[in-house]
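Step one of this worksheet: look at the structure below.
Note on naming: letters A, B, ... go to the chains in the order of the sequence lines (proteins, then strands), and numbering restarts at 1 for each one.
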Amino acid sequence: MLQTNYIIENQAEVIEKLKIKNFDASAIIPQIEEKNNLRKKLQGELDANLAEANQIAKSIGLLFKEGKIEEANEKKARSGELKSLSKSLAEQKANTETELQELIISLPNIPHPTVKPGKGEEENEILSEHGTIPDLGPNKLPHWELTKKYDLIDFELGVKITGAGFPVYKGKGAKLQRALISFFLDQAVDSGYLEVLPPLMVNEDSAYGTGQLPDKEGQMYHMQADNLYMIPTAEVPVTNIYRNVILKAADFPVKNVAYSACFRREAGSYGKEVRGLNRLHQFDKVEIVQVQHPDKSYETLEEMKAHVIGLLEKLGLPYRELRLCGGDVSFTSALTFDYEVYSTGQDRWLEVSSVSNFESFQANRLKLRFKDENGKSQFAHTLNGSALALPRIMAALIENNQTENGIKVPEVLQRYTGFDIIN
RNA sequence: GGAGAGGUGGGUGAGUGGCUGAAACCGCAUGUUUGCUAAACAUGUGUACGGGGAACCGUACCGGGGGUUCGAAUCCCCCUCUCUCCGCCA
């Protein structure tokens with residue numbers, strides 16, 4: 001969430017910038033100022049009340065000690081008044097704070113100046129394209145045919161065991177999956193990331209901390225008996241490592257990489273979007289997360305982009321880089337770059353990574369701070385990116401590398417798979 | 001799942017109703033001394049909100065929430081987490 005003082009001091013600017021995200025804040029922001037003023041006023045009154053009550057209590061103590069029982073009893077009356085007054089003030093203050101909080105969390109993050117307006121996906125800017133799309137001739141197959149042909153992934157079996165969107169990887173398919181995970185983790189560790197293996201379920205506080213709650217509640221699987229949520233991405237548990245943490249400036253940059261299974265309900269998805277590996281309820285992903293000093297977070301964003309590009313290059317996949325437009329940048333992000341690989345069997349681009357700078361938007365919710373040079377605590381910046389999401393990489397790899405004799409395994413993966421062809 | 005014990009500041013740990021935002025020790029920071037390091041000594045060392053140009057002042061916070069009381073870290077209730085024993089178990 002945005003910082004209250006910033007919103008109030010820069011009202012016109014905030015309204016203007018949020019328009020790029022197609023968000024009209026013109027009605028909300030004056031309300032925020034109003035509620036905030038009310039909050040301050042109530043707190044002032046409450047504090048004065050409590051201060052008086054504290055003083056009275058102290059003097060009563062002294063009077064008792066001196067044996068002046070009557071005087072003490074007289075003072076108790078005033079104390080009682082103050083108490084009921086404080087109670088009502090405290091209630092009003094709590095209500096006001098809740099209302100203020102609701103208003104503030106309804107505002108999305110302010111987009112970076114380079115983010116262009118746009119309605120949605122179709123208006124994202126394609127910044128560059130790399131690699132060559134292989135010409136596979138007329139007999140090329142989409143990955144769902146290939147996985148069947150070579151018995152790599154059994155979608156129907158997953159349906160039997162769990163339901164649609166929970167595939168079963170088998171044999172060389174399972175091995176290739178594991179190879180990709182290891183490859184991605186090793187690459188990140190080589191780039192200075194600390195590997196973490198986080199819990200796959202999180203509590204309510206964590207889901208709130210990264211912004212899944214309250215807005216995206218329907219997107220997560222919820223374990224009602226224990227009030228836990230299956231993670232939609234490792235970002236949730238990993239970023240929550242830093243919830244309520246005050247770092248030292250010397251701790252920057254904090255770099256974590258995590259492999260995890262991810263669970264998404266994907267209510268409302270249908271058709272070719274969900275065919276095969278394109279969209280699953282459970283999938284694997286390697287996620288990179290950084291916490292950085294506000295002055296350096298955009299340098300870090302570049303570093304993370306370069307890391308993702310490095311992976312795509314090493315895998316030899318044709319890819320393109322997009323800067324998301326205002327309509328497609330997520331609620332919490334200031335600037336996001338997407339990476340798509342070309343899935344030759346389907347003749348379409350598939351998103352495999354999304355790299356974002358959240359600036360202090362997540363940190364504010366998380367209360368993730370650091371001590372600056374002056375000993376003041378301020379919010380850190382958080383960033384994350386997929387490096388990479390497995391299923392679509394798997395889809396593109398097996399489609400693009402299909403030959404008459406089988407599917408060729410990229411060289412960088414062979415030391416992990418132990419085989420160089422699937423046939 | 002059953003029984004018991006316990007959650008105090010960065011750490012250890014005192015504190016059973018007022019003088020406790022909290023002893024002491026450790027750590028950390030700054031300063032003095034010392035040729036350097038170390039040691040010793042001195043001072044300082046939580047977070048949030050509000051007020052003030054600032055020094056500073058007020059309020060809240062001793063796992064979380066509620067209650068008793070003029071007054072709660074301290075008493076009562078609920079929740080939660082940790083530890084020990086038993087049960088079950090990868």
Side-chain angles (χ1 to χ4, degrees), chain A residues 1-9 32-105 197-209 213 223-229 237 240-252 254 261 360 362-380:
Chain A
M1 62 194 198
L2 297 170
Q3 290 170 249
T4 315
N5 288 339
Y6 178 81
I7 298 169
I8 290 171
E9 283 160 23
I32 288 176
E33 184 173 23
E34 195 185 305
K35 289 284 176 206
N36 193 47
N37 287 338
L38 179 60
R39 191 198 104 242
K40 284 188 193 176
K41 180 172 155 268
L42 289 169
Q43 170 149 8
E45 288 173 22
L46 177 62
D47 284 357
N49 254 298
L50 292 172
E52 192 184 342
N54 283 345
Q55 281 219 309
I56 291 178
K58 260 182 202 170
S59 66
I60 289 175
L62 289 173
L63 291 171
F64 270 126
K65 227 164 234 180
E66 293 164 18
K68 299 175 181 167
I69 311 290
E70 271 177 41
E71 264 183 70
N73 284 331
E74 278 167 32
K75 291 206 171 191
K76 284 190 189 177
R78 174 62 182 156
S79 193
E81 271 172 46
L82 286 170
K83 195 181 175 180
S84 64
L85 206 66
S86 301
K87 197 168 180 181
S88 114
L89 282 169
E91 234 166 74
Q92 289 177 56
K93 184 184 152 218
N95 290 339
T96 307
E97 275 170 353
T98 307
E99 289 161 15
L100 179 62
Q101 177 79 356
E102 277 166 11
L103 290 171
I104 291 171
I105 64 172
L197 187 60
L200 301 181
M201 296 185 205
V202 294
N203 60 28
E204 233 177 317
D205 285 349
S206 295
Y208 178 82
L213 291 180
M223 310 283 125
Q224 225 161 4
D226 299 290
N227 198 22
L228 296 173
Y229 294 86
N240 271 284
I241 293 172
Y242 306 99
R243 173 153 51 84
N244 283 323
V245 165
I246 301 178
L247 297 165
K248 297 185 210 92
D251 294 333
F252 292 131
V254 174
S360 62
Q362 277 187 333
N364 190 13
R365 267 200 191 201
L366 290 163
K367 301 284 168 264
L368 164 53
R369 290 161 292 180
F370 71 100
K371 292 271 189 204
D372 66 18
E373 307 70 37
N374 307 317
K376 293 258 182 197
S377 61
Q378 51 169 300
F379 291 118

Original post:
Are the side chains of A:R369 and A:K367 in touch, meaning some heavy atoms are under 4.5 Å apart?
Top reply: yes

Original post:
Below 4.5 Å, heavy atoms only, C-beta onward: do A:I105 and A:Y208 meet side chain to side chain?
Top reply: yes

Subject >> Separation of B:rG1 P from A:D226 CG (nearest whole Å) >> reply: 9 Å

Original post:
Do A:Y242 and A:V254 touch side chain to side chain, with heavy atoms closer than 4.5 Å?
Top reply: yes

**OP:** Could you measure between the two P atoms, the one in B:rG2 and the one in B:rC88, and give it in whole Å?
**Re:** 15 Å

**OP:** Please tell me which of A:I56 and A:E52 maps to the more 5' nucleotide of RNA chain B, matching each residue to the nucleotide holding its nearest heavy atom.
**Re:** A:E52

**OP:** Specify the separation, in whole Å, of atom CG of A:L63 and atom P of B:rC70.
**Re:** 15 Å

Subject >> Partner nucleotide, any strand, of B:rG21 [Watson-Crick/G-U, under 3.5 Å] >> reply: none

**OP:** Please determine, for the side chain of A:F64, which listed nucleotide (B:rC49, B:rA48, B:rC70) has the closest atom?
**Re:** B:rC70

Original post:
Hey, does A:D251 have a side-chain heavy atom less than 4.5 Å from the side chain of A:K248?
Top reply: yes

**OP:** Using Watson-Crick or G-U wobble geometry with both distances below 3.5 Å, tell me the partner of B:rU82, or none.
**Re:** B:rA5

Original post:
With a non-hydrogen cut-off below 4.0 angstrom, is A:K40 in contact with a base, only sugar-phosphate, or nothing?
Top reply: sugar-phosphate

Subject >> Electrostatic pair A:E45-A:K41, nearest N-O below 4.0 angstrom >> reply: yes

Original post:
Taking a pair as Watson-Crick or G-U wobble with both distances under 3.5 Å, which nucleotide is matched to B:rU43?
Top reply: B:rA29

Original post:
B:rC70 C1' sits how many Å from A:K87 NZ, rounded?
Top reply: 16 Å

Subject >> Assigned partner base of B:rA73, Watson-Crick or wobble definition, under 3.5 Å >> reply: none

Subject >> Option from A:N364, A:L366, A:L368 for which side-chain contact (heavy atoms from CB on, under 4.5 Å) with A:F379 holds >> reply: A:N364

Subject >> Nucleotide nearest A:K83 when distance is taken to its side chain, options B:rU68, B:rC49, B:rA48 >> reply: B:rU68

**OP:** Under 4.0 Å between any heavy atoms, over every strand shown, what does A:R78 touch: base, sugar-phosphate, or nothing? Just pick one.
**Re:** nothing

Original post:
Between B:rU82 and B:rA24, how far is it from one P atom to the other, in whole Å?
Top reply: 33 Å

**OP:** In whole angstrom, give me the gap between the C1' atoms of B:rG10 and B:rG21.
**Re:** 16 Å

Original post:
Which whole number of Å gives the distance between the P atom of B:rA73 and that of B:rG63?
Top reply: 10 Å

**OP:** Find the distance A:I60:CD1 to B:rA72:P and express it as a whole number of Å.
**Re:** 12 Å

Subject >> Nucleotide of B:rA48, B:rU59, B:rC49 approaching A:R369 most closely (side-chain heavy atoms) >> reply: B:rA48

Original post:
Is A:S59 near enough to B:rG18 that one of its side-chain N or O atoms lies under 4.0 angstrom from OP1 or OP2?
Top reply: no

**OP:** Round to a whole Å and report the spacing from NZ of A:K376 to P of B:rG46.
**Re:** 13 Å

Subject >> First encountered from the 5' end of RNA chain B, between A:G61 and A:Q55 >> reply: A:G61

Original post:
Using the C1' atom in both, what is the distance from B:rG1 to B:rG50, to the nearest Å?
Top reply: 49 Å

Original post:
What integer distance in Å separates A:N73:CG from B:rU69:C1'?
Top reply: 13 Å

**OP:** May I ask you to say what A:L50 touches in the nucleic acid, namely base, sugar-phosphate or nothing, with a heavy-atom cut-off under 4.0 Å?
**Re:** sugar-phosphate

Original post:
In whole Å, what separates the P atom of B:rC89 from that of B:rG17?
Top reply: 48 Å

Original post:
Taking CG from A:L38 and C1' from B:rC49, how many angstroms apart are they, rounded to a whole number?
Top reply: 15 Å

**OP:** Could you measure between the two P atoms, the one in B:rA22 and the one in B:rA60, and give it in whole Å?
**Re:** 13 Å

Original post:
Nearest to the side chain of A:N54, which nucleotide is it out of B:rC70, B:rA60, B:rG58?
Top reply: B:rA60

**OP:** Could you tell me whether A:Q55 atom CD has more than 12 heavy atoms of other residues or ligands within 6.0 Å of it?
**Re:** no

**OP:** Write down the distance separating the C1' atoms in B:rU80 and B:rU69, rounded off to the nearest Å.
**Re:** 26 Å

Subject >> Residue A:R39, side-chain atoms from C-beta onward, closest of B:rG50, B:rU59, B:rC70 >> reply: B:rG50

**OP:** Provide the Watson-Crick or G-U wobble partner of B:rC49, both distances under 3.5 Å; none if there is no partner.
**Re:** B:rG58

Original post:
Between B:rC49 atom C1' and A:N36 atom CG, what is the distance in whole Å?
Top reply: 11 Å

